[in-house]
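Residue numbers begin at 1 in each chain, while the letters A, B, ... track the order of the sequences. This is a predicted model, so every value here is computed, not measured.
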Protein chains: 2
Amino acid sequence: MTVPSGRRERKKAATRQKIADTALRLFLERGYDAVGIREVAAEADVAVTTLFSHFASKEALVFEQDEDFEQRLTQAVTGRAPHEPLIPALRSEIQALVRHCTADSAAPIWRMIDESPALRKYEESMRLRHAETLATAIAADPELPQTATASRTIARFVIDAYSLAREAAEPEAAVDEIFWMIEAAWEATCPSRPRIPSSDTREQVTRR
Amino acid sequence: MTVPSGRRERKKAATRQKIADTALRLFLERGYDAVGIREVAAEADVAVTTLFSHFASKEALVFEQDEDFEQRLTQAVTGRAPHEPLIPALRSEIQALVRHCTADSAAPIWRMIDESPALRKYEESMRLRHAETLATAIAADPELPQTATASRTIARFVIDAYSLAREAAEPEAAVDEIFWMIEAAWEATCPSRPRIPSSDTREQVTRR
DNA sequence: ACCGTAGCACTAACGGTTAGCATTTTGGAG
DNA sequence: CTCCAAAATGCTAACCGTTAGTGCTACGGT
């Protein structure tokens, strides 16, 4: 009972990792569609049912660590300093995430994803989950007196920014461009802090 | 060659419609997941392969007329009067679409969709297609000198508005609320037409 | 009247996924 | 140390959506 100690959890995590690694290797070697679940299971030396006890679907093998993504986003909202404005915090987090997934080392994986309709579809519904989670985090912030609809809207827009920037020719510039729009959308719902002052317009958005 | 006249086309359309009607009836009677493709085909008195020659997937049976949706959106962009502003045109179109799909008569269908993960997933990727189509239409408008990224962004936001409003407690109010944000986002990329002559002190920072 | 082809039927299979049940491994209680 | 309950894994056999292959039939243009 109580807290299951060490070994069991480690072994389970190890099995999970072995499956994910094997799967990704095979997928990259021979193509996602050309590799069957039964093959992955055999190569990882586990039963098919075991594989499915670790991963809900074949696609989930590829997006193994999507919970990190979710976590980082909510953390960017809940973990920011008092009075730190929301949108810039999200902007720099998205910027980091985009940089991470457009890095050369990640290129083969994203190429594989882009080529498989099943994987694209899966990623899309994953993003919707992330948007919902983010919306909840935004709505829970007492500093932000937003409508439920406004929270969900901004969350969607932010996730859209990630998705669009990832596919853009110049991902980092695209993040800036889209967040410029998001900022405007956000302030339209949040007239409390007028942004007028003459000259600060664009500078604070173009950090780095 | 040329244009195959009359009977053949009518028969084909009739078969398609019969399949769609049968499917929807069975799905609503006994639940989407509880009805198999083989059952639908049998009840519609066609072969399974025939069914799949009319519909690309089981989910497509439910979203039978999604091309109308796409058409209406692009029409709202390309078919508007000269100098008619983009966003309000899209707003009223989305408003109409939301009204249409939140009507009481459509309630059982959307309840079914919301309850089936497969259908939700399908609808999501459908929306992404629609967003891309809409983005193309926006980018093609010579009156709107936008970036490719800005076009795609606005298109996504508009589709998001539809999706969010459909699920909101007060759909029509939600459309207005979200489009208020979209309007602001749009004008952030389009500084040519200031919307509040008096207080708009944002100077034209020439954007890239 | 004739022929090419579009539409359709049938069978068999493939691949992801799951239910059911047996077996092993692990952590903790006695 | 021993023993037990639970967790983890394994195996089999299926279900279901989907597709390839093949052939037949009826329609429409010539």
Side-chain angles (χ1 to χ4, degrees), chain A residues 1-20 22-24 26-27 30-64 112 116-123 125, chain B residues 1-20 22-24 26-27 30-64 112 116-123 125:
Chain A
M1 275 286 168
T2 62
V3 201
S5 67
R7 178 145 67 230
R8 205 175 246 177
E9 278 186 343
R10 269 185 296 114
K11 283 210 175 184
K12 182 165 185 174
T15 302
R16 182 193 155 92
Q17 200 58 42
K18 184 176 183 184
I19 295 173
T22 305
L24 196 56
L26 292 180
F27 291 160
R30 325 213 314 261
Y32 178 77
D33 292 314
V35 179
I37 282 289
R38 293 164 175 89
E39 277 182 271
V40 175
E43 185 83 7
D45 198 33
V46 295
V48 173
T49 47
T50 301
L51 188 154
F52 277 108
S53 80
H54 286 275
F55 299 92
S57 67
K58 186 186 182 186
E59 296 93 41
L61 287 166
V62 173
F63 296 96
E64 181 219 353
M112 174 182 80
S116 162
L119 287 175
R120 292 189 70 94
K121 222 168 151 173
Y122 185 87
E123 198 220 344
S125 71
Chain B
M1 278 293 164
T2 62
V3 202
S5 64
R7 183 142 66 228
R8 215 173 234 179
E9 276 187 346
R10 271 186 295 113
K11 283 209 176 184
K12 181 168 184 174
T15 303
R16 182 192 156 93
Q17 200 57 43
K18 185 176 183 184
I19 296 173
T22 305
L24 197 56
L26 292 180
F27 291 160
R30 326 212 314 262
Y32 178 77
D33 292 314
V35 179
I37 282 290
R38 292 164 175 87
E39 277 182 271
V40 175
E43 185 84 7
D45 199 34
V46 296
V48 173
T49 48
T50 301
L51 188 154
F52 278 108
S53 79
H54 285 277
F55 299 92
S57 66
K58 185 186 182 186
E59 295 94 41
L61 287 166
V62 174
F63 296 96
E64 183 219 351
M112 174 183 79
S116 162
L119 287 175
R120 292 189 69 93
K121 225 166 147 174
Y122 184 86
E123 198 221 343
S125 70

(message) Assess whether a salt bridge exists between B:R30 and B:E39, defined as any Lys/Arg side-chain N lying under 4.0 Å from an Asp/Glu carboxylate O.
(response) yes
When you check the phosphate oxygens OP1 and OP2 of [N], does a side-chain N or O of [X] lie under 4.0 Å from one of them?
X     : N     : value
B:T50 : C:dG7 : no
A:K11 : D:dA8 : no
B:T15 : C:dG7 : no
B:H54 : C:dG7 : no

[X] [atom1] to [N] [atom2]: how many Å, rounded?
X      : N      : atom1 : atom2 : answer
A:E39  : C:dT17 : CD    : C1'   : 17 Å
B:L51  : D:dT18 : CG    : P     : 9 Å
B:E9   : C:dC8  : CD    : P     : 12 Å
B:R10  : C:dA6  : CZ    : C1'   : 16 Å
A:L119 : C:dG16 : CG    : P     : 12 Å
A:K12  : C:dT24 : NZ    : P     : 20 Å
A:K18  : D:dA8  : NZ    : P     : 18 Å
B:F55  : D:dT19 : CZ    : C1'   : 18 Å

Decide yes or no for [X] and [Y]: does some side-chain heavy atom of the first lie under 4.5 Å from some side-chain heavy atom of the second?
X     : Y      : result
B:E43 : B:R38  : no
B:V62 : B:M112 : yes
A:L24 : A:L61  : no
A:T22 : A:D45  : no
B:E59 : B:K121 : no

(message) Is it the case that the base of C:dC8 and the side chain of B:S53 share a donor-acceptor contact (distance under 3.5 Å, atom types as modelled)?
(response) no
(request) Give B:V46 one of three labels, base, sugar-phosphate or nothing, depending on what nucleic acid heavy atoms sit under 4.0 Å from its own. (result) sugar-phosphate
(message) With nearest nucleotide decided by heavy atoms, which residue, A:V48 or B:R16, maps closer to the 5′ end of DNA chain C?
(response) B:R16
Close N/O contacts between protein and nucleotides 14-17 of chain D (under 3.5 Å):
residue	atom	partner	partner atom	Å
D:dA14	N6	A:R38	NH2	3.4
D:dG17	OP1	B:K58	NZ	2.8
D:dG17	OP2	B:I37	N	2.9
D:dG17	N7	B:R38	NH1	3.0
D:dG17	N7	B:R38	NH2	3.4
D:dG17	O6	B:R38	NH2	3.2

(request) Is it possible for you to check whether B:K58 lies under 6.0 Å from the centre of the six-membered ring of B:F52, through NZ or CZ, and within 45° of that ring's axis? (result) no
